[in-house]
Engineer: 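Here it is, the structure in full.
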Amino acid sequence: MKTIRFPLVALLACAACFAVETRFWQQGDRSDFERGTLTHLSLRGDGRIFLSPELTEVFDSSTPYLWTLAADSKGTLYTAGGGSGSGSAKVFAIDRNGKSRTFAELDGLEIHALVLDGHGALYAATDPDGKIYKIAADGKPKLFYDPHQKYIWAMAFSSKGDLFVATGDQGEIHRVTPAGVGTVYFKTEETHARSLAIDAQDNLIVGTEPSGLVLRISPAGPGLPGQGFVLYQSPKREITAVAIKPDGAIFAAGVGNKTAVAQAAPPPAPAPNPVTGAASGSGTARPVSAPGPSLVGGSEVYRINPDGSPRTIWTGAQDIVYAIGFDTAGLPLLGTGNRGKIFRLDSDSLSTLLLEATPTQVTGFGRSPQGELYAVTGNIGKVLRIGPGFEKSGTFESDVLDAGSFTYWGRINYRGAGNIAVATRSGNRSHPESNWSPWTPIQADTTAPACDSCGAGRTVSPPARFLQYKIELTPGPSQPAPEVSYVEVAYLPKNVAPVVESIDITPANYRFPQSVLSIPSSTSITLPPIGQQRPNPTPSVESANLSQSMSYAKGYEGARWLASDENGDTLAYRVEIRGVKESTWKLLKENVKERYISWDTGAFPDGEYVLRVTASDSPSNPPAQSLSASLVSDPFLIDNTPPQISNLTGSPASGNKLDIRWTARDARSTIDHAEYSVNGGDWVLIDPVNRLSDSPNEEYHLVIDRPSADEQVIAVRVSDQFDNQAVDKIVVK
C-alpha cells in the first residue's frame, strides 16, 4: 500500500470547548494586586489590602541622602547624611513642634552614624577618613576619637558607657571609653564591619562584607579584646543591617550575590544608620565615596533565634534591605530601595508591603521617647513619620484587563469588610491615560451576596476591549476596618466570526485516515498549583509543523484547510463542490469536525472544480448568535479517464532488431510516463522522442533486440499525471 506524508497545518481537536461564554477575571493573590497601583494602602502577602499607616513628611533636608537618625530625651530628632559635594557634612535638628535647623557642620563629605550617650550628648561619625565628633548643646563639634580608618559605618553605646565603632576598610571594631580613648576591640578579618547592634548582655552583633557573616562578639573582661563567634554565614555578600529584639532574637539583612561581577560603579546609595534603642541599619555594598562593584541578587532577611538556630524568613528579588526596625507590636520593619518600600514581617511566612515612599530609598528607622516611629530616606533626604494613625482613605487601581476583543462587562464580586467603593472604566487602547470612559461607580446589586463578607455590583462602563477597576477604602462609623482580599470581574467577549485562512488540495489518489484523533468528552478537571487561580479559557494552540499520513486510494481526492476563531470557539465545517463553469454548489459533507476531507471522485465527470469550505462556530453558540465564514479554493482537476494509445506499430529491423512506434494522448492532463514489456516480461520505462514528459501528446520510438526468430508480443502502457493507465499490444512475426 502506498503512503504519502507531507506537512499538515492543522488545529488539533480540543478536549474542552472554549466558547464565547462568560469569563472571569480573578484577582486575589499578592502578585495580582502588585501589578496595580496602591495609594495609601498596605498589601499583605496573602492578598489582603487595607489602609496603611499615615506617612507624614516631617523634614526635607534638600540633600541627596539622610542616612542616620537619633532622638534625645526631649523628643528632638537629629539626622544627617551627605552627598551634596559641598565639602562639609551637616547635622540637622527637628524639635517637637517640627521646626528644623542646621545643628552642626563637620569636616567631611558624609555622616553615616549618629548616636546619643546616656547624658544626651550627640556623637557624629564622618567619612571618608572617618572621625568621631562630640557635638555640644550649642552645636559646636569637637574631635572625640580618630580610629584611623577610612569609613565609620555604625556606632552604639554599651550599658557601661563605652562607645563601639564599626569600621572599614579593615573591618575593625573599636572600643572608645567616655574619655575618648580607643583601642581595637576586635578584628573581623573582613573588609567592612557594616552593621552593628548591642544586646542586653553587651554582646556586639556585627554584620560584615564580603563574606556576609553575622558575628557575636562577647566581652572577655575589663580592657580585654572581645571574643568572636560566627552565628551565621549568609549566602549573600553583605550584611547591611542587624537588629535585636528584647527576647534576644537577632534579625539580619543580607544583600548581593557573592559571585556577582559588577559591570559599572554604583550610583550614590544609602549607608548604615544605627539608632539607639531600635535597630542598626546600613546601606548598599559600597560607600558613595568609594565606588566599587554594585551588588545584584536582591535581599534576604534572617532570624537567629536565642538558641543560635538561623532561619531565612524573607526574600526580595528586587528590593535591597537597607535598615531593620520594629513597630509598636515588636514586628520587624524593613526599609528598602530602590523603590522606597517598607515591609513588615508578620510571621516567618507572611509579610506586608506596609508603605511606599517612592521614588526613594528608606535608609533607616528611629523612635522618639514618646514612641513615635520615624524613617529617613535617600534621594531625596527626608524624615518621615510613620503613624500612629491610619490613612483616612486609600485607593487601588488594578492593572488593565485585555479581553482580546470587543467585550461586554458584567457583575463585579468582591470579598472584604468595611466601607468599600468600586468603580470601573473601559476603553479601546491599551493605556488608559486618555480617551477612555470616565470612572463610574458600579450599580448596586440587590442579589444576596455569596458570603457574609462579600459585595457585588454591575459594571456600567461601555463595552470595549480593555477594562480597569478601582477600589476605594474609607473607615466608617461602627464599621470594621476596611479591607479587600478578592475581586472577580465577569465579562463576555462579543462573538466574532471564524476565519478560513487557506485551503490546500492534496495529491490525487490519496485519502486521509478515517480519524486522526478521537478524544472523548472529559468529566474531570485539572486544578492549578495551590495559590494560583484557574485560568480563563483560551483558544487551543495551533501547530504549524505537524505531519499527517495519507494512504494511496485510486480515484480519491483530498483537501485540508487552516481555520481559526478569535473567541476560541469549537468549529464545524461544511464542504461543497462545483465545476468552474457551474453556478450551483453541491454538498460534499456536512458537520465536518476535522480540518480535512477525502472523497471518491468516481461520480464526478472529468474537469476543473473548486471547493468551498464554510466554518461555523455553532457548536459553541446559540443558533441566533452563531457566525460563519467561507473560503473558495483555487481550481483543481478531476481526471479519471486514461490516455489513448494510437498508431502502435512494430516491424523487424536490420541487425536482428525490432522497431516499435506509438503515440499517446490525454484529454485533460500531461502524459506522466510510458513503459513496455516483451513477451510478458518486466515493465521497462521509456522516454518520449523529445525526452521530456511535458505534454498531453507524446510520441514514442523503441528499437530493441529481437529475443528469437519466433513471433514477439510487445505490450505498451501509458500513465497520465492522475495515475490513469492505458495498455495496448502488438504482435511482430
Side-chain angles (χ1 to χ4, degrees), residues 1-13 500 502-519 543-563 571-580 582 585-615 631-645 664 666-675 677 682-683 685 693 696 715-727:
M1 182 178 65
K2 298 182 182 178
T3 299
I4 185 172
R5 291 181 62 87
F6 53 88
L8 175 64
V9 180
L11 287 173
L12 291 179
V500 182
S502 64
I503 301 174
D504 179 31
I505 304 300
T506 61
N509 301 313
Y510 288 87
R511 66 180 299 180
F512 289 103
Q514 291 296 322
S515 177
V516 175
L517 181 65
S518 177
I519 301 179
S543 174
N545 296 311
L546 296 178
S547 294
Q548 178 60 47
S549 295
M550 297 186 76
S551 300
Y552 184 81
K554 182 66 179 79
Y556 270 78
E557 186 60 85
R560 55 185 180 138
W561 51 90
L562 178 63
L571 301 179
Y573 303 96
R574 176 186 176 92
V575 184
E576 299 164 292
I577 190 171
R578 68 170 174 83
V580 294
E582 299 171 4
W585 291 100
K586 287 82 176 176
L587 179 64
L588 266 182
K589 192 173 182 180
E590 187 91 63
N591 199 30
V592 178
K593 298 296 192 296
E594 300 83 10
R595 287 176 171 83
Y596 56 86
I597 189 175
S598 301
W599 74 98
D600 188 351
T601 63
F604 293 86
D606 291 357
E608 284 191 304
Y609 291 83
V610 288
L611 282 185
R612 181 171 70 180
V613 177
T614 301
L631 183 67
V632 177
S633 73
D634 292 333
F636 61 94
L637 186 62
I638 291 179
D639 182 2
N640 290 317
T641 302
Q644 295 178 348
I645 298 174
D666 193 273
R668 293 285 181 182
S669 60
T670 301
I671 299 298
D672 185 70
H673 64 274
E675 303 163 289
S677 172
D682 292 338
W683 290 101
L685 283 172
S693 296
V716 296
R717 184 168 67 184
V718 179
S719 301
D720 64 14
Q721 285 184 317
F722 288 81
D723 210 16
N724 300 307
Q725 295 180 343
V727 181

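Atom set for the values below is all heavy atoms of this structure, side chains included, hydrogens, waters and symmetry mates excluded.
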Engineer: Can you check whether Ile671 reaches Val718 side chain to side chain, under 4.5 Å on heavy atoms?
Structural biologist: yes
Engineer: Would you say the side-chain atoms of Asn640 pair up with the backbone N or O of Thr601, donor to acceptor, closer than 3.5 Å?
Structural biologist: yes
Engineer: So, the side chain of Ser598 versus the backbone of Phe512: is there a donor-acceptor pair under 3.5 Å, distance only?
Structural biologist: yes
Engineer: Can you list everything that forms a side chain to side chain contact (heavy atoms under 4.5 Å, CB included) with Lys593? Sequence neighbours excluded, please.
Structural biologist: Asn591
Engineer: Is the backbone of Thr670 close enough, under 3.5 Å, to the side chain of Asp666 for a donor and an acceptor to pair up by distance?
Structural biologist: no
Engineer: Run the side-chain hydrogen bond (donor to acceptor under 3.5 Å, both in side chains) test against Gln721 and tell me which residues pass, sequence neighbours left out.
Structural biologist: none
Engineer: Got a sec, which residues hit salt bridge (Lys or Arg N to Asp or Glu O under 4.0 Å) with Glu675, two or more places apart in sequence or on another chain?
Structural biologist: Arg717
Engineer: For the pair Asp606 and Arg668, find out whether any cationic side-chain nitrogen is under 4.0 Å from an anionic carboxylate oxygen.
Structural biologist: no
Engineer: Can you find a heavy atom in the side chain of Leu588 that is under 4.5 Å from one in the side chain of Glu576?
Structural biologist: no
Engineer: In Å and rounded to the nearest 0.5 Å, what is the CG to NZ distance from Asp600 to Lys554?
Structural biologist: 9.5 Å
Engineer: Is there a donor in the side chain of Arg578 and an acceptor in the side chain of Tyr609, or the other way round, less than 3.5 Å apart?
Structural biologist: no
Engineer: Say you draw a straight line from CZ of Phe604 to CG of Asp639; how long is it, rounded to the nearest 0.5 Å?
Structural biologist: 15.0 Å
Engineer: By salt bridge (Lys or Arg N to Asp or Glu O under 4.0 Å), which residues pair with Arg511, not counting sequence neighbours?
Structural biologist: none
Engineer: Just verifying a value: how many Å separate Ser719 OG and Asn724 CG, rounded to the nearest 0.5 Å?
Structural biologist: 8.5 Å
Engineer: Would a distance-only check, ignoring hydrogens and angles, find a side-chain to backbone donor-acceptor pair under 3.5 Å from Ser633 to Leu611?
Structural biologist: yes
Engineer: Does a side chain donor of either Ser693 or Asp672 reach within less than 3.5 Å of an acceptor in the other side chain?
Structural biologist: no
Engineer: Report the C-alpha separation of Ile577 and Phe636 in whole Å, then their side-chain angles, then the decisive distance to 0.1 Å, and conclude whether the side chain to side chain contact (heavy atoms under 4.5 Å, CB included) test is met.
Structural biologist: CA-CA 11 Å; Ile577 190 171; Phe636 61 94; 4.1 Å; yes
Engineer: Work out which heavy atom in Val716 is nearest to a heavy atom in Trp683; give both atom names and the distance.
Structural biologist: C-CZ3, 4.0 Å
Engineer: Taking only residues two or more places apart in sequence, or in another chain, which ones meet Lys586 in a salt bridge (Lys or Arg N to Asp or Glu O under 4.0 Å)?
Structural biologist: Glu582
Engineer: How long is the gap from CG on Leu587 to CZ on Arg612, to the nearest 0.5 Å?
Structural biologist: 10.0 Å
Engineer: Name all residues meeting the side-chain hydrogen bond (donor to acceptor under 3.5 Å, both in side chains) criterion together with Asn509; count only those two or more places apart in sequence or in a different chain, and write none if there are none.
Structural biologist: none
Engineer: Kindly indicate whether the side chain of Arg595, heavy atoms from C-beta on, has any atom under 4.5 Å from the side chain of Tyr573.
Structural biologist: yes
